[in-house]
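Below, chains carry the letters A, B, ... as their sequence lines are ordered, and counting in each starts from 1.
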Amino acid sequence: MPELPEVETVCRTLRRHVLGQRIQALEVVQPKLRWPVDVPSLQEAACGRTVVAVRRRAKYILMDLAGSNPPVTVVAVHLGMSGILQVVPKGAPRRPHDHVVWTLGAKQIRYNDPRRFGSVHSFAAQNEAAHPLFAHLGPEPLDGSVFDGAYLYGQCRGKNRCIKQLIMDARVVVGVGNIYASEALWRSGISPRMSARRLSRPRAALLAQAIVATLEEAIEQGGTTLRDFADANAQAGHFGQRLKVYDRAAEPCEVCETLVRRIVQGARSTYYCRVCQKA
DNA sequence: CGAACCTCCTGCGGGC
DNA sequence: TGCCCGCAGGAGGTTC
């Protein structure tokens, strides 16, 4: 499942392939995604325009497209659970679950998503901040000017909910998905079941650092082990990264050998070490 | 404010 | 071995 590091890697690969290229055509094979694709809007926002930037906000991949009226439009792609963006030669055989296809010269960008939990939106760049998808989003975890121990501690004040659910709340901080939430909590020695309001200032700082370090390491691994994530021969996966607790129920904790435990919080699996992680 | 549940969908794993 | 059932999961939404 694409989490922030995977999305960042896709972004970087996409940037390499399509920056400066002009979009000639758009084909929507399957408009029924997480939200129905607005085909006319997407058409107008993309066709005849030039890719001037590829960015990431939370887990959205954003392509800035220059043209006239409006001068810049944005295409926002969310990969959901099983989505992938591939850059392939125009003539490459179509695969099952290729839902949206952009043609740029001899290349195509193809949005492929078996489960269709992802989405494709478009809007004028000037409307981005106010767009319903983005208006409520918290800071980027890798934006050190906002997200740090003091910020996280502030967000925890008076919150009577488990710390794991708090760090997965996009209003608090974006891009911390189920996998990295478990990993960062293990790394900082904090129980996922702990109430946010009881987290001390120093431990909030530890957790913030752990979130940043876990994501940065994963991005680095994504860049080295799966550089071609968005290329024709892409393989989705966990980037070969060695996860410490996630999906390792009943396996020994690498620090203390206690068997990793799986619990369910907010209908999602949480993995942790009862000995290393304390409330 | 927060918990619980719903919705979208398909691949895959467990059970038989 | 093969088939079928049920679950997982990002994220916005609703209800209590």
Could you check whether any side-chain N or O of Tyr151(A) sits under 3.5 Å from a backbone N or O of Val172(A), counting only pairs where one atom can act as donor and the other as acceptor?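 Checking the backbone N and O of Val172(A) against the side chain of Tyr151(A), a donor-acceptor pair under 3.5 Å is found.
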What pairs of donor and acceptor atoms, side-chain ones from residues 102-111 of chain A against any protein atom, are under 3.5 angstrom apart with sequence neighbours left out?
residue: Thr103(A); atom: OG1; partner: Gln108(A); partner atom: NE2; Å: 3.0
residue: Lys107(A); atom: NZ; partner: His17(A); partner atom: O; Å: 2.9
residue: Gln108(A); atom: OE1; partner: Arg110(A); partner atom: NE; Å: 3.1
residue: Gln108(A); atom: OE1; partner: Arg110(A); partner atom: NH2; Å: 2.8
residue: Arg110(A); atom: NH1; partner: Ala92(A); partner atom: O; Å: 3.2
residue: Arg110(A); atom: NH1; partner: Pro93(A); partner atom: O; Å: 3.1
residue: Arg110(A); atom: NH2; partner: Lys90(A); partner atom: O; Å: 3.4
residue: Arg110(A); atom: NH2; partner: Ala92(A); partner atom: O; Å: 2.8
residue: Tyr111(A); atom: OH; partner: His78(A); partner atom: O; Å: 3.4
residue: Tyr111(A); atom: OH; partner: Asp113(A); partner atom: OD2; Å: 2.7

Would you mind reading off the bend of the helix from dG2(B)-dC16(C) to dC16(B)-dG2(C) from its two end axes, five pairs each, to 10 degrees? 50°
Using a heavy-atom distance cut-off of less than 4.0 Å, which residues of residues 151-174 of chain A contact DNA chain C?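 Correct list: empty, so none.
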I'd like to check Lys59(A) versus Pro2(A) (side-chain heavy atoms, cut-off strictly below 4.5 Å). Are they in contact?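 Sidechains of Pro2(A) and Lys59(A): no contact.
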Which pairs pass salt bridge (charged side-chain N to carboxylate O under 4.0 Å, His left out) with one or both residues in residues 146-164 of chain A, sequence neighbours excluded?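 Every salt bridge (charged side-chain N to carboxylate O under 4.0 Å, His left out) pair that includes a residue of residues 146-164 of chain A, provided the two are not neighbours, is Arg161(A)-Asp169(A).
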Students should find this one: the first and last nucleotides of DNA chain C, 5' to 3', lying under 4.0 Å from a heavy atom of chain A. What are they? dA8(C) to dG12(C)
Please list all pairs passing the salt bridge (charged side-chain N to carboxylate O under 4.0 Å, His left out) test where one or both residues lie in residues 26-44 of chain A, with sequence neighbours left out.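 Listed once each, the pairs are Glu27(A)-Arg94(A).
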Under 3.5 Å, sequence neighbours excluded: what are the donor-acceptor pairs made by side chains of residues 252-260 of chain A?
residue: Glu254(A); atom: OE1; partner: Arg242(A); partner atom: NH2; Å: 3.3
residue: Glu254(A); atom: OE1; partner: Lys244(A); partner atom: NZ; Å: 3.2
residue: Glu254(A); atom: OE2; partner: Lys244(A); partner atom: NZ; Å: 3.1

Val176(A) or Val264(A): which one's nearest nucleotide on DNA chain C is closer to the 5' end?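 Residue closer to the 5' terminus by nearest nucleotide: Val264(A).
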All N/O donor-acceptor pairs, side-chain side in residues 196-212 of chain A, below 3.5 Å, sequence neighbours left out:
residue: Ser200(A); atom: OG; partner: Arg203(A); partner atom: N; Å: 3.2
residue: Arg203(A); atom: NH2; partner: Gly189(A); partner atom: O; Å: 3.0
residue: Arg203(A); atom: NH2; partner: Lys278(A); partner atom: O; Å: 3.0

Classify the ring geometry of Phe123(A) against His131(A): parallel below 30°, tilted from 30° to 60°, perpendicular beyond 60°.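 Tilted.
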Looking only at atom types and distance, does a side-chain atom of Asp98(A) sit under 3.5 Å from a main-chain N or O of Asn112(A), one as donor and one as acceptor?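 Looks like no, no N/O pair under 3.5 Å.
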For a quick check under 3.5 Å, do Thr270(A) and Gln265(A) share a side-chain donor-acceptor pair by atom type? yes
Protein and nucleotides 8-11 of chain B: nitrogen or oxygen contacts under 3.5 angstrom:
residue: dC9(B); atom: O4'; partner: Arg115(A); partner atom: O; Å: 3.2
residue: dT10(B); atom: OP1; partner: Arg116(A); partner atom: NH2; Å: 3.2
residue: dT10(B); atom: O2; partner: Arg115(A); partner atom: NE; Å: 3.1
residue: dG11(B); atom: OP1; partner: His97(A); partner atom: NE2; Å: 3.1

Who are the ring-ring contact (aromatic ring centres under 6.0 Å, His included) partners of Phe117(A), not counting sequence neighbours?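 Result, ring-ring contact (aromatic ring centres under 6.0 Å, His included) vs Phe117(A): none returned.
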If you look only at pairs with a residue in residues 62-89 of chain A, which of them pass as a salt bridge (charged side-chain N to carboxylate O under 4.0 Å, His left out), with sequence neighbours excluded? Arg55(A)-Asp64(A)
List for me each residue that meets salt bridge (charged side-chain N to carboxylate O under 4.0 Å, His left out) alongside Arg187(A), sequence neighbours excluded, and say none if there are none.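 Scan of Arg187(A) (salt bridge (charged side-chain N to carboxylate O under 4.0 Å, His left out), adjacent residues dropped) gives Glu217(A).
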Using a heavy-atom cut-off of 4.0 Å across all strands, would you classify His136(A) as base, sugar-phosphate, or nothing?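 The answer is sugar-phosphate, as His136(A) gets under 4.0 Å only of primed atoms, P, OP1 or OP2.
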Regarding Ser82(A), tell me which of base, sugar-phosphate or nothing describes its non-hydrogen contacts under 4.0 Å with the strands shown. nothing
